[in-house]
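All remarks here apply to the structure that follows.
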Amino acid sequence: MNTLGQLQAEFKNHLMRRDSRITDAIVGGNDVGRHPRLAIYRHAYYARLEEALAQDYSAVHSLLGDEAFSELCQRYADTCPSTSASLRWFGSQMSEFLRAHAPYAQHPALAELARLEWLLVSAFDAADAAIATVADAAGLASEHWPQLRIALHPSVHWDRCRWNILPLWQAASAGEELPELQPLAVEQHYVVWRQDLVTRFRSLDSDEHALLVAAAAGETFAGLCEHLAALGLPAPQVPARAAALLKTWLSQGLVAQLR
Amino acid sequence: MGGRTGKDTAEQRAYLGYGLGLRRDYFDLILQQRPAVDWFEIISENYMVQGGKPLYYLDAIREHYPMVMHGVSLSVGGTDPLNFTYLQQLRELIARVRPQWVSDHLCWTAHGGHNLHDLLPLPYTEESVRHVAQRVRTVQDFLGQRILLENVSSYVSYRQSQMSEWEFYRAVVEEADCLMLLDINNIYVSSRNHEFDPLAYVNGIPVQRVQQMHLAGHSDYGDYVIDTHDHPVVDPVWQLYAAALARFGPISTMIERDDRMPPFAELLAELQQAREIGARVLTDAAPAGMAKLA
């Protein structure tokens with residue numbers, strides 16, 4: 001007789017690898033070819049995982065279509081089985097999976113799109129934090145500005161893409177016809193965050209991206225201005241550009257704290 | 001909170017009335033309309049996140065309704081070590097929600113570090129009873145409170161089982177000194193799949209252990225039935241519910257709906273059906289514990 005642990009190992013191996021040893025332990029299990037009962041569990045295993053991935057990766061789903069998405073989910077589940085108590089984390093390796101496995105790796109836009117969608121998932125339930133406002137900045141004494149540091153909201157993430165995945169995601173989200181996949185002339189940075197409980201993303205100019213990265217690393221406002229100058233912005237325009245970017249971040253809820 | 005013993009019966013049987021599962025499809029409606037639902041049950045794992053909408057709505061709705069917490073990942077029947085990272089998250093969520101009670105399932109959900117995200121059946125053996133009961137006691141000690149264990153639907157039986165499901169269920173909760181969340185639909189589904197008398201199941205359940213009941217719909221394929229929570233409750237389940245109320249007396253009851261979500265009014269109408277059965281049965285019935293069914 002199986003111990004409890006052996007029985008569960010065999011049951012799991014049936015769900016994940018179609019191993020048939022568990023059938024000896026099941027009443028009527030030898031009839032499994034005709035017997036739908038074990039198949040209920042195997043079907044439910046994949047269906048539940050696919051449902052979770054469909055929720056997180058709706059644009060990848062739209063791009064691939066039902067059949068190919070289903071196949072992707074099965075392959076992903078077999079390669080990256082869930083190790084978390086919550087399905088919330090199951091899809092966390094999708095972008096890396098797509099980048100590493102044929103035939104998906106031949107279409108790098110897929111991994112880029114999955115990365116965007118995972119950042120949206122991450123922003124959706126990232127930690128809460130108070131939001132600093134334009135009024136908070138206006139209230140700062142001028143001598144504080146050079147040493148001012150900008151703490152970004154915990155939901156703020158950024159990445160870059162080389163394909164037109166941003167309009168593609170928007171079309172998929174709106175249920176519209178998807179634009180044809182096109183490589184971009186220059187790579188595009190974007191930021192994802194949550195404002196008033198709603199997840200958002202937008203593209204970033206290259207100087208804004210550089211400043212966001214520097215701000216997240218703890219750079220002071222004076223240091224951010226030096227970054228802008230180093231990027232080639234004429235000195236007289238630097239303070240105004242830095243102030244304008246900060247104002248945008250503040251008004252869009254990207255900043256948790258000025259300190 | 002103290003140990004597992006010494007709580008009086010009245011506290012164990014705190015009665016909340018008629019509730020629903022809290023699902024995000026209805027978050028805004030619940031806050032705006034404050035529907036006449038006595039309480040909500042949350043799926044604990046859905047709120048083990050850091051912030052954003054899930055916790056916003058959880059806190060806002062909790063201000064207006066009593067809540068209980070229902071987990072799906074305890075794997076109390078599993079043979080992997082208990083997941084104390086998960087249990088710590090559960091304890092933190094309990095501190096946030098202050099639920100009336102906390103439940104999970106009499107099943108296993110993970111093995112070898114893999115979470116299978118399904119409520120998988122246990123063999124009904126003495127070995128399983130001892131194993132599960134010991135783990136339940138550890139969980140209760142960690143959480144500082146008794147938990148409720150729910151019976152699951154099942155589609156296969158193990159050759160090595162030595163007793164009926166209800167004998168197993170009873171043995172576990174008595175050895176662990178925990179409480180029961182009796183899922184009436186799951187009893188019905190399993191009775192169809194394994195060809196037993198659902199009333200024999202209900203009559204095999206110790207009256208004083210039942211703290212909550214679940215009702216739900218299922219998918220009927222003729223030869224077998226699958227617990228899908230995507231249909232209204234069917235008549236045989238309502239009848240079994242009436243029989244259970246007659247045996248157990250007033251028990252906090254809720255309807256689980258997880259797929260093909262209907263307009264909220266339909267769930268309220270279904271809940272009203274439960275209330276009417278409760279009103280009828282509990283008015284007519286002998287006092288709790290004096291089952292008419294035996």
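So you know, we letter chains A, B, ... as the sequences are listed, proteins then strands, and number each from 1. Just so it is clear, the values below take in all heavy atoms, side chains as well, and ignore hydrogens, waters and symmetry mates.
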Next on the checklist: Measuring from atom OG of B:Ser154 to atom CZ of A:Arg37, what distance do you get when rounded to the nearest 0.5 angstrom?
Outcome noted: 9.0 Å
Checklist outcome for this item: Interatomic distance, OH@A:Tyr45 vs NE2@B:His114, rounded to 0.5 Å, equals 7.5 Å
Checklist outcome for this item: So, the part of A:Leu15 with a heavy atom under 4.5 Å from chain B: the answer is side chain
Item to check | Most contacts with chain A, counted as non-hydrogen pairs under 4.5 angstrom, among B:Gly78, B:Ser44, B:Ser161, B:Ala110 | outcome: B:Gly78
Next on the checklist: Tell me whether A:Asp125 is salt-bridged to B:Lys53, with the criterion being a basic N under 4.0 Å from an acidic carboxylate O.
Outcome noted: no
Item to check | Pick from A:Ala52, A:Pro81, A:Pro154 with the largest number of heavy-atom pairs that fall under 4.5 Å of chain B | outcome: A:Pro81
Next on the checklist: Report which part of B:Leu122 has an atom under 4.5 Å of a heavy atom belonging to chain A: side chain, backbone, both, or neither.
Outcome noted: side chain
Checklist entry - Side chains of B:Asn46 and A:Arg88: closer than 4.5 Å at any heavy-atom pair? => result no
Checklist outcome for this item: Scanning both residues in full, the closest heavy-atom pair of A:Leu38 with B:Val156 reads N-CG1, 4.0 Å
Checklist entry - Has the side chain of B:Asn115 got a donor or acceptor atom that lies under 3.5 Å from a matching backbone atom of A:Ser84? => result yes
Item to check | Nearest non-hydrogen partners of A:Tyr41 and B:Ser153, listed with the distance | outcome: OH-O, 4.3 Å
Checklist entry - Heavy-atom count around B:Arg34 CZ within 6.0 Å, excluding the residue itself: above 12? => result no
Next on the checklist: Within a 6.0 Å radius of atom CD on A:Glu176, are there more than 12 heavy atoms belonging to other residues, nucleotides or ligands?
Outcome noted: yes
Next on the checklist: Using a 4.5 angstrom heavy-atom cutoff, name the option from A:Ala44, A:Ser155, A:Ala126 with the most pairs to chain B.
Outcome noted: A:Ala126
Checklist outcome for this item: Tightest non-hydrogen contact, residues A:Ala85 and B:His117, listed as O-CE1, 3.8 Å
Item to check | Side chains of B:Ser157 and A:Ile26 in contact at under 4.5 Å (non-hydrogen atoms) | outcome: no
Checklist entry - How about A:His43: does its NE2 atom have over 12 heavy atoms from other parts shown lying under 6.0 Å from it? => result no
Checklist outcome for this item: When the 4.5 angstrom heavy-atom criterion is applied to A:Leu87 and chain B, the contacting part is both
Item to check | Full working for side-chain contact (heavy atoms from CB on, under 4.5 Å) between B:Leu120 and A:Phe11 | outcome: CA-CA 9 Å; B:Leu120 300 167; A:Phe11 204 119; 3.8 Å; yes
Item to check | Main-chain N/O of A:Asp24 paired to B:Arg159 side chain as donor or acceptor, under 3.5 Å | outcome: yes
Item to check | Atom pair CD1/CG of A:Ile40 and B:Asn193 - distance to nearest 0.5 Å | outcome: 6.5 Å
Checklist entry - Distance from A:Leu4 atom CG to B:His111 atom NE2, nearest 0.5 Å? => result 9.0 Å
Checklist outcome for this item: By residue number, those in residues 61-78 of chain A with heavy atoms under 4.5 Å from heavy atoms of chain B are none
Checklist entry - Does any heavy atom of chain B fall under 4.5 Å from the side chain of A:Thr83, the backbone, both, or neither of them? => result both
Checklist entry - Who among B:Tyr224, B:Trp108, B:Tyr56 has the most heavy-atom pairs with chain A under 4.5 Å? => result B:Trp108
Item to check | Check: B:Gln160 side chain, A:Ala25 main-chain N or O, donor-acceptor pair, under 3.5 Å | outcome: no
Next on the checklist: Can you tell me how far apart OG (A:Ser86) and OH (B:Tyr86) are? Round to the nearest 0.5 Å.
Outcome noted: 9.5 Å
Next on the checklist: Measuring from atom NZ of A:Lys12 to atom CG of B:Asp118, what distance do you get when rounded to the nearest 0.5 angstrom?
Outcome noted: 14.5 Å
Checklist entry - Do the side chains of B:Pro54 and A:Phe124 get nearer than 4.5 Å, heavy atoms only? => result yes
Next on the checklist: Can you tell me which portion of B:Leu116 sits under 4.5 Å from chain A's heavy atoms? Options are side chain, backbone, both or neither.
Outcome noted: both
Next on the checklist: Is it the case that atom CZ in A:Arg21 sees more than 12 heavy atoms from other parts of the structure closer than 6.0 Å?
Outcome noted: no
